2 protein chains.
Amino acid sequence: MSGHKLDEIDRKILAELQADGRMTNVELAKRVGISAPPCLRRVRTLEEVGYITGYHAVVNARALHFEVQVYAMVGLSSQAESDLQAFETLCLNWPLVRECHMLNGEVDFILKCVAPDLSSFQSFLTSELLTAANVASVKTSLVIRGAKDLPGVPFDVLEKRLAKNS
Amino acid sequence: MSGHKLDEIDRKILAELQADGRMTNVELAKRVGISAPPCLRRVRTLEEVGYITGYHAVVNARALHFEVQVYAMVGLSSQAESDLQAFETLCLNWPLVRECHMLNGEVDFILKCVAPDLSSFQSFLTSELLTAANVASVKTSLVIRGAKDLPGVPFDVLEKRLAKNS
DNA sequence: AGTGAAAGTACAGCTGA
DNA sequence: TCAGCTGTACTTTCACT
């Protein structure tokens, strides 16, 4: 993957599939300006080499009665590597935790959680997260509303940078 | 959408497409145990009615030289609704800001940002975010590493709840 | 079930080191 | 000349009625 160089068409493919991951290959080929077979080969290569790591439908959490989204800031007692990994493993096994990122600064981890309602989140918080080994502090913030939620990277920024450096 | 009831097959479809959004319709139909034509009708309906709001390829940000991920906690001076909306509009126009959620508690917004490197994030921070109208405080945390990053909702939790309530 | 379109394959031609 | 990519032609599979 490190040895693989992207050209402008590859970047267009990535941008298009990031915007619409279920686009047909012929539509994609038309948009990026090549014919379908080479376009499909490029997509396969981008997948194999790791530029594309998956495709997901975005499902409406509210409609499925997951009404609550919470960010949890977690501080640990020990920041030894083995203890960090132990906490990450816990997170992987908690289905309500959708994202877990290790941070610098005062807080060690930020978790993005979903739950059907406040009470089921509270029971997760008190009986799972707060009682987990090595957890020193948890600060939670409810999401009131979402204003923006885009996946991945801004390709317009990428293209501008490439234009400058050429 | 409120009037639409999901059955078990619909939920399976959502779970499968959340896991692999580029699956062909025949593969999807096989997995959920029905034939292809009704499966496709169900998918179209789920899209139209708003259970599925989009499909995205997951692109590898690191490989595209977006090396830096940052969470920014933003406090505003005024929480009047018009001022909240003004800030949300700003966020929509900042390409480096990928997510913007309004929170309860001491902090007003959490932003998830990406950038090619630390210096370009710093220049965004100092010349855009910190100087924006109504912004009172910004606390940033660099993502050291990601441990978990799943989209959407945990369907196993959903199914367990439905089993209980029946 | 059946039609029309898309995915995927094989092969030959073009282009640049 | 050779590697790599492209497009045309063709078969198989899928989408859609």
Side-chain angles (χ1 to χ4, degrees), chain A residues 1-60 63-64 151-153 155 158-159 161-166, chain B residues 1 3-60 62-65 151-152 155:
Chain A
M1 139 129 125
S2 32
H4 201 272
K5 274 287 163 204
L6 296 180
D7 63 10
E8 195 187 336
I9 293 176
D10 289 319
R11 295 194 302 272
K12 273 191 193 171
I13 289 174
L14 291 173
E16 292 290 344
L17 287 179
Q18 178 174 280
D20 179 3
R22 216 174 156 76
M23 188 183 303
T24 65
N25 182 59
V26 299
E27 173 66 19
L28 179 61
K30 197 168 67 182
R31 292 196 186 199
V32 305
I34 60 177
S35 66
C39 184
L40 184 63
R41 281 194 293 268
R42 280 168 181 264
V43 172
R44 292 285 176 266
T45 304
L46 291 171
E47 289 166 356
E48 283 164 16
V49 165
Y51 284 96
I52 297 175
T53 59
Y55 301 89
H56 302 293
V58 181
V59 306
N60 185 335
L64 293 169
V153 300
F155 279 93
L158 179 61
E159 295 298 335
R161 284 176 65 86
L162 292 171
K164 266 189 198 167
N165 301 353
S166 68
Chain B
M1 140 131 122
H4 201 272
K5 274 287 167 204
L6 296 180
D7 64 10
E8 193 187 337
I9 293 177
D10 289 320
R11 295 194 302 272
K12 274 191 192 171
I13 289 174
L14 291 173
E16 292 289 345
L17 288 179
Q18 178 174 280
D20 179 4
R22 216 174 157 75
M23 191 184 301
T24 65
N25 182 59
V26 300
E27 173 65 20
L28 179 62
K30 198 168 68 184
R31 293 195 184 200
V32 305
I34 60 177
S35 65
C39 184
L40 185 63
R41 277 195 299 271
R42 280 168 182 265
V43 172
R44 292 284 175 268
T45 304
L46 291 171
E47 289 166 356
E48 282 163 18
V49 165
Y51 284 96
I52 296 174
T53 59
Y55 300 89
H56 302 292
V58 181
V59 306
N60 185 335
R62 279 248 154 67
L64 293 170
H65 304 109
F155 279 93

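Treat the numbers as computed from the prediction; the structure is a model and nothing was measured.
Between B/Arg44 and D/dC16, a side-chain N or O to OP1/OP2 separation shorter than 4.0 Å is present.
Residues forming a side chain to side chain contact (heavy atoms under 4.5 Å, CB included) with A/Ala29 (at least two apart in sequence, or on another chain): A/Ala36, A/Cys39.
Listed candidates were D/dC14, C/dG8, C/dA6. Nearest to the side chain of A/Val26 is C/dA6.
The existence of a salt bridge linking B/Lys12 and B/Asp7 is excluded, since no basic side-chain nitrogen approaches an acidic carboxylate oxygen closer than 4.0 Å. A salt bridge does not link A/Arg11 with A/Glu8: none of the charged nitrogens is closer than 4.0 Å to a carboxylate oxygen. Of the charged side-chain nitrogens involved, at least one lies within less than 4.0 Å of a carboxylate oxygen, so that B/Arg31 and B/Glu27 count as a salt-bridged pair.
Distance, A/Met23 CE to C/dA5 C1': 17 Å, rounded to whole Å. The nearest whole Å value for the distance from the CD1 atom in A/Ile9 to the P atom in C/dT15 is 15 Å. What separates CD of A/Glu47 from C1' of C/dA7 is a distance of 13 Å, to the nearest Å. Following rounding to the nearest Å, A/Asp7 (CG) and C/dT15 (P) show an atom-to-atom distance of 17 Å. The CG atom of B/Asn25 sits 13 Å away from the P atom of C/dA7 (whole-angstrom rounding). Atom C1' of nucleotide C/dA6 and atom CZ of B/Arg22 are separated by 11 Å, given to the nearest angstrom.
Side chains of A/Tyr55 and A/Glu47: a donor-acceptor N/O pair is present below 3.5 angstrom, by distance only.
Of the residues in residues 27-42 of chain A, those lying under 4.0 Å from DNA chain C by heavy-atom distance are A/Pro37, A/Leu40.
The shortest non-hydrogen separation linking B/Arg22 to A/Thr24 is NH2-C, 4.4 Å.
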